[in-house]
Amino acid sequence: EAAVTQSPRNKVAVTGGKVTLSCNQTNNHNNMYWYRQDTGHGLRLIHYSYGAGSTEKGDIPDGYKASRPSQENFSLILELATPSQTSVYFCASGDELGGYAEQFFGPGTRLTVL
Amino acid sequence: GQGVEQPDNLMSVEGTFARVNCTYSTSGFNGLSWYQQREGHAPVFLSYVVLDGLKDSGHFSTFLSRSNGYSYLLLTELQIKDSASYLCAVTGGYKVVFGSGTRLLVSP
């Protein structure tokens with residue numbers, strides 16, 4: 001049973017459109033993260049959350065918003081999508097006892113903005 | 001500033017070993033993690049080290065030198081299926097900074 005799931009798995013959007021990427025975890029972890037992965041850049045942190053109701057900016061938050069309505073769910077929102085946001089997006093969760101050492105990743109969402 | 005550097009590619013032969021290097025320069029350091037990522041899949045956690053020295057976990061071992069900002073992941077008795085990317089990630093405070101990964105190719 002997958003502990004971190006993401007939807008959709010693939011998405012094609014138009015420039016200027018709104019995109020919402022969803023993530024659900026059944027690990028009961030407090031911390032959740034959104035990353036994007038591009039060739040040559042590795043994983044870069046966009047937003048993260050310490051628990052329901054909290055969102056924090058990561059290293060590259062511009063153009064993205066996040067929402068954590070519950071322990072299980074963490075969404076990434078692109079209000080006005082741009083071609084530069086074409087990427088693979090990964091959601092992850094981790095517990096506090098493990099610190100930030102071990103993160104459990106979802107399968108990823110491939111987003112293409114035309 | 002923070003930076004985690006890894007070589008882009010590494011090649012080795014089945015049955016031998018491979019050492020994946022990672023150097024880092026970060027404003028804070030809590031520990032260092034290694035992940036395996038197969039093409040088209042999510043990263044999978046392998047190991048976490050906080051103390052200097054070698055941590056032997058069988059097929060995967062990790063070494064850390066905090067004073068040198070250096071770590072390596074050692075894979076022994078390589079199998080073809082070990083071909084994947086290996087990501088180094090440094091944890092400092094709340095932040096986790098990932099390297100861009102080393103693509104390991106194991107040939108017969």
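Just so it is clear, the structure is predicted and the values come from calculations on it, not from any experiment. Values below: every heavy atom of this structure, side chains too, minus hydrogens, waters and symmetry copies. Lettering follows sequence order; numbering is per chain, from 1.
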With a sphere of 6.0 Å drawn around [atom1] of [X], does it hold more than 12 non-hydrogen atoms of other residues, nucleotides or ligands?
X: A:K65; atom1: NZ; result: no
X: B:F17; atom1: CZ; result: no
X: B:R103; atom1: CZ; result: no
X: A:R110; atom1: CZ; result: no

ask   = What about B:L87 and B:V50, same hydrophobic cluster or not, with Ile/Leu/Val/Met/Phe/Trp/Tyr joined at side-chain heavy-atom distances under 4.5 Å?
value =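 Yes; B:V50 is reachable from B:L87 via cluster members.
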
request  = Establish whether A:Y33 and A:Y64 are linked, either directly or via other cluster members, by ILVMFWY side-chain heavy-atom contacts under 4.5 Å.
outcome  =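 No.
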
Segment of B:Q6 engaging chain A (4.5 angstrom heavy-atom cut-off) =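 No part of it gets close to chain A.
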
ask   = Can you tell if the side chain of A:Y35 reaches within under 4.5 Å of the side chain of B:V96, non-hydrogen atoms only?
value = yes

inquiry  = Could you check whether A:F105 and B:F45 have their ring centres less than 6.0 Å apart?
reply    =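 Aromatic pair excluded; centres sit 6.0 Å or further apart.
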
Rounded at 0.5 Å granularity, tell me how far [atom1] in [X] sits from [atom2] in [Y].
X: B:L46; Y: A:E102; atom1: CG; atom2: CD; answer: 10.0 Å
X: B:Q37; Y: A:F90; atom1: CD; atom2: CZ; answer: 5.0 Å
X: B:S100; Y: A:Q37; atom1: OG; atom2: CD; answer: 9.5 Å

message = Can you tell me which portion of A:E56 sits under 4.5 Å from chain B's heavy atoms? Options are side chain, backbone, both or neither.
response = neither

remark   = Scanning both residues in full, the closest heavy-atom pair of A:G106 with B:A42 reads O-CB, 3.0 Å

